[in-house]
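To start, the structure itself, in structure tokens.
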Amino acid sequence: MLIIVLLILISLTIAIVFLVAFVWSMRSGQFDDTYGPSVRILFDDKKKKDL
Amino acid sequence: MDVTVNEKVVCYHCGQPCEEIFLQDDKSFCCYGCKTVYEILNEHNLCEYYAFDKNPGVTLRHVSEETYAFLDERKIRKQLLEFDSANFSRIRFYVPNIHCISCIWLLENLQKLQTGVLKSEVNFSGKIVRIDFNPEQVSLSKLGQLLTSLGYAPRINLKEENQSVSISSKQLIIKLAIAGFAFGNVMLLSFPEYLGLNESDLALQRLFSWLNIILALPAIFYSGQEFFINAWKSFKQKQINIDVPIAVGLLALLVRSTFDITTNNGPGYLDSLTGLIFFLLIGRWFQSKTYDSLAFDRDYKSYFPLAVQRWKENEWCPVVVYELEPQDIIRIRNMEIVPADSMLRSDEAYFDYSFVTGESKPVKATKGALVYAGGKLVGHPVELVVQKKTAQSQLTSLWNEAAFRKPNESVYKKIIDRAAHRFTWIVLALAVGTGVFWYYYNAYQMWLVLTSVLMVACPCALALAAPFTYGNMLRVFGRYGFYLKNADVIERLAAINALVFDKTGTITYGASAVTFKGVLSVQEQGWIKLLASTSTHPLSKLVAQHITQKSDAVLIGLKEFPGKGIQAVVAGKNIRVGSATFTGNAGGGETNSRVFVAIDGLARGYYEIETSIRPEAKGLVTRLGSVVKALLSGDQPMEAIRMQTVFPPSVQLLFNQSPHIKLNFISELQKQNYKVMMIGDGLNDSGALQQSDVGIAVTDDTGVFTPASDGILAGNMLGKLDSFLRLAKKSTAILKTGFVISFCYNAIALSVAMSGLLTPLIAAILMPISSVSVVSFTSLAVNWVARKEFKNL
């Protein structure tokens, strides 16, 4: 039975890691703009040099 | 191939069809503004802008130069800036015009256009540009000006509430995630329980139960905190709202479960508890989502120019409108609104009071005349002497009308709270009664039965039915071009039994029938179009729109005589367009709706401008029948005959109605116990819209926004108004049915629970089932009813 306890604990830990990751991503604003970054990555950034 | 005869030429910048063509680098532009933007971009090597999207620009309106000067006022600056220091500042501009990839690209390259801009970043979903800049090199007003000159005019609202809203919706999602996480895991760990394995491995079962408690605690006290907070608040106000039984139910479940687990009595009901919180939060999220899709802003200050130019210490400097004092000298430019009742200091001026009276014909004022707040200047800049502080002036008093605020919760107590109120007391009474009975009958069983009763009667179905029904209906309405402020409006819509229409913009609409009476050659028509398009006067605009013939002639000596007409020399001919006297059309019949033409002093005829009646209006009025009570119009009564073709004789047709009379008319109807719905076009009847039980603004241009209204109806959907009313009634019926269903559930389950036959476990399973079934019933019913209503669309 010990193995079940161990498995449960591992699965919970992983689940909590994902929950924390989600909360973090939400808080840090990664879901604020779901369109902009996908476009921004395609822009040529040659002009960034002469900033 | 590029010889285009019809209007198929579109602006390279904004994609609008060109009425007249401005050429630059073989590219055609619809107006000077668009061409300028192209030139600016070209100069800075930013023409990549046009590579991402076809015709990405935004049409430019006339931008007066100092519009953003007020941003440099210290007080305003402080309110708007996110961060400020000597050489680094950060601002977030809300720019409604952001719409495509090119916008993002251009707005993120602002530093190439303007020295002093350090970095700019676009939040596409929020339509927000965040600009870091060096205030020593570039002023805030210059930034506003720059954005506007590119066609991305920022909307400045001094009441910054958007930020807190987005934070709270973020928090709700985090709460939802945690509740969902807890729910899923608790269910997983309860599996042995579900399968009846509890006898075989007691130690494991205990471990699972304890894990469940640990998992459930954040769900209850973080995700579910608002239920407890709301319940506590309502207690303090000595009221009982829907959150009280929810909070009691949650607490009962928690206490009961913890008790069971700690005393080793069983696994508790934490799966139901976390599931309940999860579903309740989904309901709230759904609700807030639908509300968010229509952000209403009721700050009337956004109508006035936020700052005006005031003469102080020998120079003009911007000042916030509400800081104006009597005797201040202010300057107003063309198309700006008079911020306070003032006296005219310049020789003469023309004011358009359509905001106040509904009449768009400018009124002439001479030196020393009193000019009222809300009037819009037409023509040359003028100087004014402020007479009254803004708060006292006429327009504000209309807005500040005591009855301006809608009687909300106090009168229209939400059905749900009403039901919950009774429900709560009944359940509590039943619980107590059952408790007493069982105490004497079988004391050992008492707590078990008591929790069963409280749990099974948890009114979650009640709590969910309303947001799901109305939330769905809001979405359906939105899909068909009818945007409501919130779900309460649907409830009020259902009770409407009197309708009052405004004329202009509602029954008739802006797109007009223009006919020319007289003789003009095709070439001459082109000249007139050219001339008329230089003026911002509404009638000139209509004439310019009407004529399709283009001309590339050059205007010489263009001169506008405000309130009279315009004059210029084209191809050696002196052309005048304007009023009858101005053009020498004596006896031509001077009215509001005729534009006369004279060429070389010779009267040539006039354009008769007729606002046309919406084709669907008559059908709508007929279908609505006796519910329609009146037509109120700020216009002249000569329209009466035309209106009689739309309205049956039973409807009152009232003309020359000022906003105040309109408002009084509505409140008179309300005194006769009518629930009145006012359908108007916006500002000049905003008082009436606000006074009515439901005020609907009809708009053909979705950018137009009326704060006093409860909803915005797209002009082309006006004919469906009766359908919307019917649907509102039906959704109330659906909601009631939902209530009945959940009541039946509760009644049956309650009686079983009271008899002691129902274990709390089954009670807890029944609870989510009942809410899920009620929610799916209401959502499906709403969509089904709506599809039936709009099936031929």
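Naming: A, B, ... by sequence-line order, numbering from 1 per chain. Side-chain atoms are counted along with the backbone in the values below, which use heavy atoms only and exclude waters and symmetry mates.
No more than 12 heavy atoms of other residues, nucleotides or ligands sit less than 6.0 Å from atom CZ of A/F18. In this structure, A/I41 places its CD1 atom where only 12 or fewer heavy-atom neighbours from other residues, nucleotides or ligands lie under 6.0 Å away.
Within the 4.5 angstrom heavy-atom criterion, only side-chain atoms of B/L215, from C-beta onward, approach chain A. With a 4.5 Å cut-off on non-hydrogen atoms, A/V23 touches chain B through its backbone and its side chain both. Using a 4.5 Å cut-off between heavy atoms, B/L188 does not touch chain A at all. Only the side chain of A/I4 comes within contact range of chain B, with at least one heavy atom under 4.5 Å from a heavy atom of that chain. Interface remark: B/N123 contributes backbone and side-chain atoms alike to the contact with chain A (heavy atom separation under 4.5 Å). Looking at A/R27, both its backbone and its side chain come within 4.5 Å of chain B, counting heavy atoms on both sides.
Among the candidates A/G29, A/P37, A/A15, the residue making the largest number of heavy-atom pairs closer than 4.5 Å to chain B is A/A15.
If you take CG on A/L9 and CG on B/L207, they are separated by 7.0 Å, rounding to the nearest 0.5 Å. Between atom CD1 of residue B/I174 and atom CG of residue A/L19 there is a gap of 9.5 Å, rounded to the nearest 0.5 Å.
Here the side chains of B/I173 and A/F22 are in contact, with some heavy-atom distance below 4.5 Å.
Counting all heavy atoms, side chain and backbone alike, B/F124 lies closest to A/G36 at CB-N, 4.0 Å.
A/R40 contributes no side-chain N or O that, together with a main-chain N or O of B/E108, makes up a donor-acceptor pair within less than 3.5 Å.
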Carefully, step by step, assess A/Y35 and B/I104 under the rule side-chain contact (heavy atoms from CB on, under 4.5 Å). CA-CA 10 Å; A/Y35 180 76; B/I104 301 178; 4.3 Å; yes
